[in-house]
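Working notes, beginning with the structure itself.
Proteins get letters first, then strands, A, B, ... in listed order; numbering begins at 1 in each.
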Number of protein chains: 2
Amino acid sequence: MAENDRRPPGFPHASDGRQWPPGAVEPRYGTRPTMKDVAARAGVGLKTVSRVVNGEPGVTPDTERRVQEAIDALGFRRNDSARVLRKGRTASIGLVLEDLADPFYGPLSRAVEEVARAHGALLINGSSAEDPAREQELVLALCARRVDGLVVIPAGDDHRYLEPEIKAGVATVFVDRPAGRIDADAVMSDSYGGARSGVAHLIAHGHRRIGFIGDQPRIHTAAERLRGYRAAMEDAGLPVDSSWVSLGSTDPVRVRDAAAAILDGPSPVTAFFAGNNRVTVTLVRVLAERRRRVALVGFDDFELADLLDPGVTVIAQDSAQLGRTAAERLFRRLDGGRSGTERSVLPTRLIARGSGELRPEG
Amino acid sequence: MAENDRRPPGFPHASDGRQWPPGAVEPRYGTRPTMKDVAARAGVGLKTVSRVVNGEPGVTPDTERRVQEAIDALGFRRNDSARVLRKGRTASIGLVLEDLADPFYGPLSRAVEEVARAHGALLINGSSAEDPAREQELVLALCARRVDGLVVIPAGDDHRYLEPEIKAGVATVFVDRPAGRIDADAVMSDSYGGARSGVAHLIAHGHRRIGFIGDQPRIHTAAERLRGYRAAMEDAGLPVDSSWVSLGSTDPVRVRDAAAAILDGPSPVTAFFAGNNRVTVTLVRVLAERRRRVALVGFDDFELADLLDPGVTVIAQDSAQLGRTAAERLFRRLDGGRSGTERSVLPTRLIARGSGELRPEG
DNA sequence: TAGAGCCTAGACAACGTTGTCAGTGGCAGG
DNA sequence: CCTGCCACTGACAACGTTGTCTAGGCTCTA
């Protein structure tokens, strides 16, 4: 409604009673100088200012100096909205992730930013909070801003809403999890292989009864890690008791309850495989409170894992590398790459620190 | 140069030999439909489409339906660049911080985003990597995009370059550290008071020789924390040996060297106060390797601090609250708040976990 | 039934920039 | 001196949207 606070029509120059400090006539508060203003002040044409601002050739040093002086005097800054409107490219990319505050996404986000910066682009980002509706809302808002490309860590599993955008030329790369119901580039860690090797590691240290606590299997990575767990157990000819597996949320309270149920149940496990970062940390807390030592391997590394006692053995994925790879793919597309969609899988690495090498007790 | 890939003039409808899958004639790759296209398809005027898209009143249900169908059929999405150009507001704010990958900034960034979202704005952000030149470059790029406001965690100490922008109406709030050489809103933690109480805590536990390892004092927070350290020592009538104080970078290698020099020097300390997060973590590692137990209080909390042995006593600051407060101030300004600049200081909280309660040894 | 008043709808200009194109003047070569 | 070329410069349209203003059709009342 503030749109209507303008001067009433018919009184184009009526005294509007504004009070500025005496010296501050130009520039006025809330009004920015345009190229036209600069041109007028420098006594040149509009286009000449444009040329100077963009470093285009064909301007005499003397003219350039006059323009530059006017720019500095007025505090002119080019309006990129107008530029974008005219040129069609925004030199910005969007990043949609689950939660900026999650330490897993910090390095990823930073890596994407660095690649963008190397290509002269800015990064606009937002958190979906794991909510598919919010993911869509964000993605479409970014498309309305006409970002040149998108890096998406999907929360939902149906991305058909992106089809018109992709068709219209918005390069899109999915990270960490694949897109749902559409064909698109994706860069992921090897969740299946990582989980499988982590569980195999526990088995190699003598464990027969191993629990798995992970996220809901509608999340691709969670499902893959579960699959890896089952595969490792099967490889070793070990049965999986359904009471050992918990696939709820990663909320600390629920993980705590699940772990307690598994450890206090009729067939307690001697080791856990944790499906992600947050589960691992909660399990570390839970296990620290118990007398009996339970082995633990977690998917995803975290800071200070080596300082705990015992150090936490993890399947590490390189989140910065995920981001970098995805962003590079994105810019390759923007630079004209029209090849078919690619799906890359980055390897994981087992880092043994102690918790995964505990022998079964009792 | 792709600008020139257009159809040559004079052949407006020459066969251009493009090959689309038979059904996919419209929309064409790389070309987005505009309101004009929608209007043509729906058989209405341009402005009517605008009204429907923006939910403005004055459109018959029947007309609205026709327009909506055309929008869906064409996959139309409003071009916000044009909208911004016309309306003057971008509904986006910029966040410039030091490093997105630093866990301290995750929650801050997320908090700013949530507030922005509540006000219907998007967040554009970038990392300055502690480089003043890069900070300026980023800030000005954001201004060129015409963000409505800026939240800045300053890397440099001279922000006069922002004066024209602020005068032109870009609301700006500094976080964590104050602006340099200009008068601007700022939201900070109580570095001085926090450090002072942390050091007093160590003194209360019997320490007389206390080391301080922090960042370069050109950084405001670092200087304030050093000041708090000195004040606490002076309050207790304790001398400060200059060999106990190290003000270099927070780089692990240099912190490690500094700590070793202080502990192995002629007058070794029995406790450390760490100037920030990263220093604390490095000191935890260094001290864990030594036989003699050295007390430690760190500025800034971090995940798992309670799980270490001993738990790490810290002066906690609420980084999410910093971000929230700053963003709320920003939007209050944007909503017309024209009062003088404010500088808020948020309190810190001592969390005792063990490392700060160790008694001096030897 | 005429006139006032309301509601819907569209024509048009403007936002600030950039690509195109045409105009100017200087200078070298014939 | 004229011609042609070149370097420099500016007028103008266009990008896609929204605010303003006006036109036309309808209802309601006197």
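Residue Thr48(B) has a polar side-chain atom (N or O) positioned under 4.0 Å from OP1 or OP2 of dG10(C). For dA9(C), one of the phosphate oxygens OP1 or OP2 lies less than 4.0 angstrom from a side-chain nitrogen or oxygen of Thr60(B). In this model, the phosphate group of dC15(C) is not approached by any side-chain N or O of Asn79(A) to a distance below 4.0 Å at OP1 or OP2. Residue Ser50(B) has no polar side-chain atom (N or O) positioned under 4.0 Å from OP1 or OP2 of dT17(D).
Within the 4.0 angstrom heavy-atom criterion, no nucleotide atom of any strand lies near Val84(A). Nucleic acid contact class of Arg51(B) (heavy atoms, under 4.0 Å, all strands): base. At the heavy-atom level, Val53(A) lies nowhere under 4.0 Å from the strands shown. Within the nucleic acid shown, Asn54(B) comes within 4.0 Å of sugar-phosphate atoms alone, with no base atom in reach, counting heavy atoms only.
Here the P atom of nucleotide dC12(C) and the NZ atom of Lys36(B) are 13 Å apart, to the nearest Å. Taking atom CG of Leu46(B) as the reference point, atom P of dG16(D) lies 11 Å away to the nearest angstrom. Following rounding to the nearest Å, Lys87(A) (NZ) and dC15(D) (C1') show an atom-to-atom distance of 13 Å. For the pair Asp80(B) CG and dT17(D) C1', the interatomic distance rounds to 10 Å; values are reported in whole Å. The separation between Arg86(B) atom CZ and dA13(C) atom C1' is 8 Å, rounded to whole Å. Here the C1' atom of nucleotide dT8(C) and the NZ atom of Lys47(B) are 13 Å apart, to the nearest Å.
Within the structure, ring-ring contact (aromatic ring centres under 6.0 Å, His included) contacts touching residues 37-83 of chain B (residues at least two apart or in different chains) do not occur. Pairs passing the salt bridge (charged side-chain N to carboxylate O under 4.0 Å, His left out) check and including a residue from residues 116-128 of chain B, sequence neighbours excluded, read Glu137(A)-Arg117(B). Residue pairs meeting the salt bridge (charged side-chain N to carboxylate O under 4.0 Å, His left out) criterion with at least one member in residues 49-63 of chain B, sequence neighbours excluded, are Asp62(B)-Arg65(B), Asp62(B)-Arg66(B).
Using a 4.0 Å cut-off between a side-chain N of Lys or Arg and a carboxylate O of Asp or Glu, Glu114(B) and Arg324(B) do not qualify as a salt bridge.
For the segment residues 62-70 of chain A, the set of residues with a heavy atom within less than 4.0 Å of an atom of DNA chain C is empty.
When the side chain to side chain donor-acceptor pair (under 3.5 Å) test is applied to Glu64(B), no partner is found at least two apart in sequence or on another chain. Every salt bridge (Lys or Arg N to Asp or Glu O under 4.0 Å) that Arg333(B) has, sequence neighbours left out, goes to Asp185(B). For Arg83(B), the side chain to side chain donor-acceptor pair (under 3.5 Å) test picks out Asn54(B), with sequence neighbours left out. Shown here are the side chain to side chain contact (heavy atoms under 4.5 Å, CB included) partners of Ser81(A), two or more places apart in sequence or in another chain: Asn79(A), Val84(B). Among residues two or more places apart in sequence or in another chain, the side chain to side chain contact (heavy atoms under 4.5 Å, CB included) test is passed with Ser92(B) by Arg145(A), Thr90(B), Leu122(B), Ile124(B), Val147(B).
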Contact list (N/O, under 3.5 angstrom) for nucleotides 25-28 of chain C vs protein:
none

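Comparing the start and finish of the helix from dT1(C)-dA30(D) to dG30(C)-dC1(D), five pairs each, the helix axis swings through 50°, to the nearest 10 degrees.
A donor-acceptor pair shorter than 3.5 Å cannot be found between the side chains of Ser127(A) and Glu98(A).
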Donor-acceptor contacts under 3.5 Å from residues 150-162 of chain B side chains, at least two apart:
from	atom 1	to	atom 2	distance (Å)
Asp158(B)	OD1	Arg160(B)	N	3.0
Asp158(B)	OD1	Arg160(B)	NE	3.0
Asp158(B)	OD2	Arg160(B)	NE	3.2
Asp158(B)	OD2	Arg160(B)	NH2	2.5
His159(B)	ND1	Gly180(B)	N	2.9
His159(B)	NE2	Glu135(B)	OE2	3.0
Tyr161(B)	OH	Glu135(B)	OE2	2.6

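In this structure the side chain of Val52(B) reaches within 4.5 angstrom of the side chain of Gln68(B), judged on heavy atoms.
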